[in-house]
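Worksheet: the structure to be examined is printed underneath.
Note that these values count all heavy atoms, side chains included, but never hydrogens, waters or copies made by symmetry.
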Amino acid sequence: QVQLVESGGGLVQPGASLRLSCVASGVFVAINQMGWYRQSPGKQRELVAITIAGSGTTYADSVRGRFTISRDNAANTMYLQMNDLKPEDTAIYSCNIKGRISGHTLAADYWGQGTQVTVSS
């Protein structure tokens, strides 16, 4: 089965930086969209950043200018670079890719299990 695995979370102080990684177990031959989401206890899942094929990249107002989404096709990896972290960024961050894996006939929606980011002084 195709699997996405996030890593790079941790406990940091305000103003610090983290880079989250999302590694796919299969090679995507076509990606319709890729994005990062986050969720805190008692809150709805929030879109952090998303890249849609043919439409470019969109960031949440709360992270624009601080976070950057990217990918390395050769490494089957998507990244979220997070700079100037704030306490309100504390959440579980999950990656999502909508696309087609090599050897599969149809595109599908894939999610990782998430990685915890905690920002506290």
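- Between Thr90 and Val119, the closest heavy-atom pair is OG1-N, 2.9 Å.
- Arg19 pairs by the side chain to side chain donor-acceptor pair (under 3.5 Å) definition with nothing, not counting sequence neighbours.
- Ring planes of Phe67 and Tyr93: tilted class, angle from 30 to 60°.
- Under the 4.5 Å side-chain heavy-atom criterion for grouping Ile, Leu, Val, Met, Phe, Trp and Tyr, Leu18 is not connected to Tyr37 through any hydrophobic cluster.
- Linking Ile, Leu, Val, Met, Phe, Trp and Tyr whenever their side-chain heavy atoms come within less than 4.5 Å puts Val63 and Val12 in one cluster.
- For Ser102 (side chain) and Val27 (main-chain N/O), no donor-acceptor pair under 3.5 Å exists by modelled atom type.
- With hydrogens and angles ignored, the 3.5 Å screen pairs a side-chain donor or acceptor of Arg64 with a backbone N or O of Tyr59.
- Linking Ile, Leu, Val, Met, Phe, Trp and Tyr residues whenever their side-chain heavy atoms come within less than 4.5 Å places Tyr110 and Ile31 in a single cluster.
- Here the OG atom belonging to Ser40 is positioned 9.0 Å from the CG atom belonging to Asp89, to the nearest 0.5 angstrom.
- In terms of the salt bridge (Lys or Arg N to Asp or Glu O under 4.0 Å) criterion, residue partners of Asp84 (sequence neighbours excluded) are, by chain and number, Lys86.
- Considering every non-hydrogen atom in both Thr115 and Gly9, the closest pair reads OG1-N, 3.3 Å.
- Side chain of Trp36 to backbone of Thr68: no donor-acceptor contact under 3.5 angstrom is found.
- For the atom pair Asn96 CG and Leu47 CG, the distance stands at 9.5 Å (nearest 0.5 Å).
- Of all the heavy atoms in Ala91 and Arg38, the pair that sits closest is CB-CB, 3.7 Å.
- A distance of 9.5 Å separates CD in Gln33 from OG1 in Thr51, rounded to the nearest 0.5 Å.
- For Gln113, the CD atom is loosely surrounded, since the number of other residues' heavy atoms within 6.0 Å does not exceed 12.
- Residue Ile52 is grouped with residue Trp111 when hydrophobic side chains (ILVMFWY) are merged at heavy-atom distances under 4.5 angstrom, including chains of intermediate members.
- Taking OG of Ser55 as the start and CG of Asn32 as the end, the distance is 11.0 Å to the nearest 0.5 Å.
- Between Leu4 atom CG and Met34 atom CE the span is 12.0 Å, to the nearest 0.5 Å.
- Residues Glu46 and Ala60 share a closest heavy-atom pair of OE2-CB, 4.3 Å.
- Applying the salt bridge (Lys or Arg N to Asp or Glu O under 4.0 Å) criterion to Arg45, with sequence neighbours excluded, gives no partner residue.
- In the hydrophobic clustering of this structure, Leu85 groups with Ile69; members are Ile, Leu, Val, Met, Phe, Trp, Tyr whose side-chain heavy atoms approach within less than 4.5 Å, directly or through other members.
- At a threshold of 4.5 Å between non-hydrogen side-chain atoms, the residues Met82 and Val48 do not count as touching.
- For Gly114 against Ser94, the heavy-atom pair with the smallest separation is CA-OG, 3.6 Å.
- With rounding to the nearest 0.5 Å, the separation of CD in Gln81 from CG in Leu20 is 8.5 Å.
- Considering every non-hydrogen atom in both Ser120 and Leu11, the closest pair reads CB-CD1, 4.4 Å.
- Counting only distance, with no hydrogens or angles, the side chain of Glu6 and the backbone of Cys22 share no donor-acceptor pair below 3.5 Å.
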